[in-house]
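Working notes for the structure below.
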Amino acid sequence: MSSEAVQGISVAIDNNQYLADGADTVDAVVTVAADHRFAAAAPVQERLEIIIIDCSGSMAAGDRFLGARRATEAALDELPDGTLFAIVAGTHEAHVVYPRGELVRADPRTRAEARRALDTLRPYGGTAMGTWLGMARTLAARYPQAMSHAILLTDGKNEHEQPAQLMAEIGASRGRFTCDCRGVGTGPVVDELRTIASGLNGTMDVVPDGAGLVADFRAMMQSSMAKIVPDLTLRVWTPAGATVRFVKQVAPTIEELSRTDSAAQVGDYPLGNWGVEERDYHIQVRVEPAAVGREKLAARVSVLAGDEVIGQGLVKALWTADTELSTRINARVAHYTGQAELAQAVQEGLAARKDGDLDTATAKLKRAVELAAESGNDGTAKLLRTVVEVDERDGTVKLRRQVDDFDEMALDARSTKTARVRKEN
């Protein structure tokens, strides 16, 4: 393990650096951790919170709309006085419900005015999430110095604009604000929410009804307020002849990271806003094989705040003829490789079940049950039991005949949540 800490940020590298003769692939788990020294040294940041409420006609069902209003009020109560905020109503269009005109700062008066504005809302129209993100981006652009964060709530799928428009808005919004997504009911499309949240460095989850939104909105706002540094970046430098195959977050959730090229052999991966926390990343690099006994630097991994390097670690490769060394799998790399396989097995199994391919669904979900048990991912293991029956005597897995639609959606949405593994000494 290699590690370097600067200003309260540590970057630790776990990998088996020994490669067999002719091997060309290096896997490493990079742990980035920020501690209280980092928090204490961080300058006070201007903040902007944007709450986007789905106001489409389908929100009239059950207690969804009432729950959305109450959840928004709960989120407003978590805002420290002085925080800039806005509430956006999303249908097939997007408009700012509060404030009318220039943005305002949270205080008793503005919170009361915002509540009165919420009381005037009624569900109507369709769903165009890219348009909603575009409105949030316009608001964030007015305050480029602020840490901007959005909460997006929907109960449906993005059916009133083309998929390309949503993808374009995600791309245009990247780096402008982060976005946590929540779906309520059984109508939201998990893949759409996951795409938005992953692209904008946020979280994604689903709740069964409006009553569950209040606690969730409160928690999202508390988490946002705990972020103290905007837009950290993971920079991966590789020497000539080496290429990065992928970089993805593997804890606390599995997320694909978007790369921006900053220079030759350098890729930057935005990490979003940070507080006192720890995240793990899996990096795979292809290198040109060297002679037995020779060591190479496969990658240099840095964490940047703006243009300043605040943490750094090295990924090394050493070729050996000792098969005991070269076949040793790093425990952390193996664990997160298994977690990624678990998420894929869940998602592919659920997709096969929807398509009526029950044999494939059974095989994939059986593998998911095995992986969840092996890795200690109790959360996913529990969710799997809502869609399959497991015979504890022989491990036989059968699809349940009756599955609650929300249980199936929750398993899909939470399949990327990972179990942590202890660091090697």
Side-chain angles (χ1 to χ4, degrees), residues 39 42-56 59-60 63-91 93-125 131-154 173 176-182 184 200 202-203 207 210-230 273 275:
V44 177
Q45 292 286 334
E46 178 81 280
R47 294 178 182 274
L48 168 60
E49 293 290 337
I50 304 166
I51 302 174
I52 306 171
I53 307 170
D54 186 341
C55 292
S56 63
M59 284 288 288
D63 67 346
R64 295 175 194 173
F65 203 64
L66 176 61
R69 294 210 315 259
R70 288 178 174 170
T72 301
E73 292 171 353
L76 293 178
D77 288 340
E78 296 298 326
L79 292 180
D81 284 355
T83 305
L84 291 163
F85 75 97
I87 301 171
V88 174
T91 59
E93 303 172 325
H95 71 275
V96 179
V97 176
Y98 183 85
R100 302 289 187 179
E102 291 299 313
L103 297 190
V104 298
R105 299 181 184 277
D107 62 31
R109 177 185 61 81
T110 58
R111 290 190 191 91
E113 290 175 352
R115 290 188 179 94
R116 288 194 292 271
L118 285 169
D119 289 340
T120 68
L121 292 179
R122 298 293 182 271
Y124 77 97
T131 301
W132 307 353
L133 295 177
M135 176 60 76
R137 179 165 51 85
T138 297
L139 295 172
R142 299 181 192 175
Y143 299 88
Q145 79 285 2
M147 286 178 59
S148 297
H149 166 253
I151 293 173
L152 185 153
L153 171 70
T154 185
S173 300
R176 303 295 183 90
F177 63 93
T178 59
C179 185
D180 291 323
C181 296
R182 291 298 183 269
V184 59
L200 299 179
T203 64
V207 295
L213 291 172
V214 171
D216 209 15
F217 269 49
R218 185 177 287 119
M220 282 189 286
M221 196 61 79
Q222 290 172 348
S223 177
S224 178
M225 291 298 105
K227 307 299 183 186
I228 52 176
V229 173
N273 303 334

[X] to [Y] - nearest heavy-atom pair and separation:
X      : Y      : answer
Gly210 : Asp63  : N-OD1, 2.9 Å
Val97  : Ala89  : CG2-CB, 3.4 Å
Val88  : Ala94  : CG1-CB, 4.2 Å
Gly82  : Arg105 : O-NH1, 3.0 Å
Arg47  : Ile228 : NH2-CA, 4.0 Å

Between [atom1] on residue [X] and [atom2] on residue [Y], distance to nearest 0.5 Å:
X      : Y      : atom1 : atom2 : answer
Leu84  : Leu103 : CG    : CG    : 6.0 Å
Cys55  : His95  : SG    : NE2   : 7.0 Å
Arg176 : Leu139 : CZ    : CG    : 12.5 Å
Leu118 : Ile87  : CG    : CD1   : 4.0 Å
Leu66  : Met59  : CG    : CE    : 10.0 Å
Leu48  : Met147 : CG    : CE    : 11.0 Å

- Message: Please determine whether the number of non-hydrogen atoms from other residues, nucleotides or ligands lying under 6.0 Å from atom CD of Gln145 exceeds 12.
- Response: yes
- Message: Other residues, nucleotides and ligands only: do more than 12 of their heavy atoms fall within 6.0 Å of CZ on Arg137?
- Response: yes
- Item | Ion pair check, Arg69 and Glu73, cut-off under 4.0 Å |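 A salt bridge is absent here (no side-chain N lies under 4.0 Å from a carboxylate O).
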For residues [X] and [Y], determine if any side-chain heavy atom of one lies less than 4.5 Å from a side-chain heavy atom of the other.
X      : Y      : answer
Leu76  : Thr110 : no
Thr83  : Glu78  : no
Met135 : Ile50  : no
Pro80  : Met225 : yes

- Message: Using a 3.5 Å distance criterion without hydrogens, assess whether the side chain of Arg122 forms a donor-acceptor pair with backbone atoms of Asp119.
- Response: yes
- Query: Can you tell me if Trp132 uses its side chain to pair, donor with acceptor, with the backbone of Thr91 under 3.5 Å?
  - Reply: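 Yes, Trp132 side chain to Thr91 backbone: donor-acceptor pair under 3.5 Å.
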- Qualifying residue for side-chain hydrogen bond (donor to acceptor under 3.5 Å, both in side chains) with His149, from Asn273, Asp180, Thr178: Asp180
- Would you please say whether a donor-acceptor pair under 3.5 Å links the side chains of Ser224 and Glu49? yes
- Would Leu121 and Phe65 count as a side chain to side chain contact (heavy atoms under 4.5 Å, CB included) if you check the C-alpha gap in whole Å, the side-chain angles of each, and the deciding distance to 0.1 Å? CA-CA 9 Å; Leu121 292 179; Phe65 203 64; 3.7 Å; yes
- Message: For Thr154, run the side-chain contact (heavy atoms from CB on, under 4.5 Å) check against Ile53, Asp54, Ile52 and tell me which one passes.
- Response: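 Option passing the side-chain contact (heavy atoms from CB on, under 4.5 Å) with Thr154: Asp54.
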- Start with the C-alpha gap between Ile51 and Met221, add the side-chain angles, then the distance that decides, and say whether side chain to side chain contact (heavy atoms under 4.5 Å, CB included) holds. CA-CA 10 Å; Ile51 302 174; Met221 196 61 79; 4.1 Å; yes
- Note on the structure: Applying side chain to side chain donor-acceptor pair (under 3.5 Å) to Arg111 and not counting sequence neighbours gives Asp81
- Task: Could you tell me which residues satisfy side chain to side chain donor-acceptor pair (under 3.5 Å) with Arg182, sequence neighbours excluded, listed by chain and number?
- Result: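 If we apply the side chain to side chain donor-acceptor pair (under 3.5 Å) test to Arg182, skipping adjacent residues, the hits are Thr203, Asp216.
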- Can you name the residues that form a ring-ring contact (aromatic ring centres under 6.0 Å, His included) with Tyr98, not counting sequence neighbours? Phe85
- For Gln45 and Val229, what are the C-alpha separation, side-chain angles and deciding distance, and is it a side chain to side chain contact (heavy atoms under 4.5 Å, CB included)? CA-CA 8 Å; Gln45 292 286 334; Val229 173; over 6 Å; no
- Message: One pair to check against side chain to side chain contact (heavy atoms under 4.5 Å, CB included): Leu133 and Leu152. What are the steps and the verdict?
- Response: CA-CA 9 Å; Leu133 295 177; Leu152 185 153; 3.9 Å; yes
